[in-house]
Amino acid sequence: MKIREITTGDLSELLELYTHLHETCAPEDSEHLRSTWAAICDNPNYHIIVCEEDGRIVSSCTCHILPNLTRNVRPYALIENVVTHADYRGKGYATACLTYARKLAVSADCYKMMLITGSKSDSTLQFYRNAGFSSNGKTAFYQLLDDTIVF
């Protein structure tokens with residue numbers, strides 16, 4: 001197992017992995033895709049962490065470090081897109097990605113790390129609890145801005 005941050009050449013493999021998250025297929029190659037990828041790669045606060053096994057990317061998460069004016073002007077981290085290829089689940093790969101994200105957040109002096117999941121699966125919720133996340137003490141709300149997206 002190798003944990004690392006993504007490189008610009010990993011886009012197609014990452015997009016294929018996202019089909020194990022909630023995407024049904026990888027997006028078509030387009031100027032919008034390429035410019036979005038360039039913006040992600042150029043943003044020092046946008047980290048895509050991947051786990052490699054058997055020479056392929058099998059798990060990933062994103063860690064966004066967000067500047068903040070509260071909590072003594074300390075940033076916070078937002079975790080998104082936690083995914084493991086279906087054939088590699090239950091082997092600790094996503095946990096390793098989240099551990100790497102936590103190290104990034106600590107080194108950036110973040111005061112908290114948070115995520116929201118749409119899953120109601122007990123095993124998924126327990127996975128996040130085991131990774132150190134809590135659903136106690138805060139209530140999460142979100143508002144979808146695109147009525148074609150369904151959870």
Side-chain angles (χ1 to χ4, degrees), residues 1-23 26-27 32-121 123-145 149 151:
M1 171 182 8
K2 179 181 178 183
I3 305 296
R4 64 175 175 85
E5 290 196 50
I6 202 114
T7 63
T8 56
D10 293 325
L11 177 59
S12 62
E13 196 171 356
L14 181 66
L15 293 176
E16 190 280 322
L17 178 63
Y18 284 166
T19 65
H20 294 267
L21 183 60
H22 48 64
E23 303 299 317
H32 179 62
L33 174 64
R34 289 189 299 277
S35 66
T36 300
W37 180 240
I40 288 169
C41 291
D42 290 342
N43 184 339
N45 289 322
Y46 196 125
H47 304 272
I48 300 177
I49 300 149
V50 297
C51 176
E52 286 183 331
E53 187 67 62
D54 301 328
R56 66 189 292 199
I57 294 173
V58 298
S59 188
S60 180
C61 73
T62 62
C63 177
H64 307 268
I65 307 295
L66 300 157
N68 181 39
L69 295 174
T70 65
R71 302 291 179 173
N72 204 24
V73 196
R74 292 176 65 193
Y76 59 93
L78 175 64
I79 304 300
E80 277 288 331
N81 300 330
V82 180
V83 59
T84 300
H85 188 288
D87 295 341
Y88 290 83
R89 292 183 180 154
K91 298 179 180 175
Y93 301 134
T95 300
C97 288
L98 289 172
T99 299
Y100 188 102
R102 187 180 192 289
K103 289 176 185 175
L104 288 173
V106 168
S107 71
D109 196 34
C110 292
Y111 78 95
K112 72 177 176 181
M113 191 165 78
M114 61 184 175
L115 65 80
I116 299 172
T117 181
S119 176
K120 304 292 186 236
S121 162
S123 63
T124 300
L125 300 178
Q126 192 58 46
F127 163 75
Y128 288 125
R129 287 184 192 101
N130 290 343
F133 291 88
S134 172
S135 59
N136 299 325
K138 292 213 176 224
T139 302
F141 290 93
Y142 65 93
Q143 184 179 66
L144 291 176
L145 303 177
I149 296 175
F151 285 118

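Because only heavy atoms are used, hydrogens play no part in the values below, and waters and symmetry mates are left out as well, while side chains stay in.
- Expressed to the nearest 0.5 Å, how far NE2 of His22 lies from OG of Ser119 amounts to 12.0 Å.
- Side chains of Val82 and Cys97 form no contact here, defined as non-hydrogen atoms less than 4.5 Å apart.
- For NZ of Lys103, the number of neighbouring non-hydrogen atoms (other residues, nucleotides, ligands) closer than 6.0 Å is 12 at most.
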side-chain contact (heavy atoms from CB on, under 4.5 Å) assessment of Ser60 paired with Leu14: CA-CA 8 Å; Ser60 180; Leu14 181 66; 3.7 Å; yes

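- Within the 4.5 Å cutoff, no side-chain heavy atoms of Arg102 are placed close to those of Cys63.
- Atom CE of Met114 and atom CG of Leu78 lie 5.5 Å apart (nearest 0.5 Å).
- Pairing each heavy atom of Thr139 with each of Phe141, the nearest pair is CG2-CE1, 3.4 Å.
- Contact record, Arg74 with Cys110: NH2-O, 3.2 Å, taken as the closest heavy-atom pair.
- Ile40 CD1 to Ser35 OG: the interatomic distance, rounded to the nearest 0.5 Å, is 9.5 Å.
- Within a 6.0 Å sphere centred on CG of Leu69, heavy atoms belonging to other residues, nucleotides or ligands number 12 at most.
- Of all heavy-atom pairs spanning Asp87 and Lys91, the tightest one is O-NZ, 4.0 Å.
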Starting from the C-alpha separation in whole Å, work towards a yes-or-no answer on side-chain contact (heavy atoms from CB on, under 4.5 Å) for His20 and Arg89. CA-CA 11 Å; His20 294 267; Arg89 292 183 180 154; 3.8 Å; yes

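- Judged by distance alone, with hydrogens and angles left aside, the side-chain atoms of Thr62 form a donor-acceptor pair with the main-chain N or O of Glu80 at under 3.5 Å.
- In this model, a donor atom of one side chain and an acceptor atom of the other lie less than 3.5 Å apart for Ser123 and Ser121.
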Are Asp10 and Arg4 close enough, and set up right, to give a salt bridge (Lys or Arg N to Asp or Glu O under 4.0 Å), and what steps lead you there? CA-CA 12 Å; Asp10 293 325; Arg4 64 175 175 85; 2.7 Å; yes

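- The number of heavy atoms from other shown groups lying within 6.0 Å of CZ (Arg71) does not exceed 12.
- Nearest heavy-atom pair across Glu13 and Gly55 is OE2-O, 4.5 Å.
- A distance-only check finds no donor-acceptor pair linking the side chain of Asn45 to the backbone of Leu66 [under 3.5 Å].
- Atom OG of Ser135 sits about 10.5 Å away from atom CG of Leu115, to the nearest 0.5 Å.
- The minimum heavy-atom distance between Pro75 and Asn68, with the atom names listed, is CA-CB, 4.0 Å.
- In this structure, OH on Tyr88 lies 4.0 Å from CG on Asp54, to the nearest 0.5 angstrom.
- Within the 4.5 Å cutoff, side-chain heavy atoms of Leu98 are placed close to those of Phe127.
- Shown here for Thr84 and Ser59, the closest heavy-atom pair between the two residues is OG1-OG, 2.9 Å.
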Show your reasoning for whether side-chain contact (heavy atoms from CB on, under 4.5 Å) applies to Met1 and Ile3. CA-CA 7 Å; Met1 171 182 8; Ile3 305 296; 4.0 Å; yes

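- No option in Thr7, Val58, Ile57 other than Ile57 meets the side chain to side chain contact (heavy atoms under 4.5 Å, CB included) test with Val50.
- For Glu53 and Tyr93, the side-chain atoms include at least one donor-acceptor pair closer than 3.5 Å.
- Rounding to the nearest 0.5 Å gives a distance of 3.5 Å between NZ of Lys112 and NZ of Lys138.
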Under the side-chain contact (heavy atoms from CB on, under 4.5 Å) rule, what do Trp37 and Ile6 come out as? Steps first, then yes or no, please. CA-CA 11 Å; Trp37 180 240; Ile6 202 114; 3.9 Å; yes

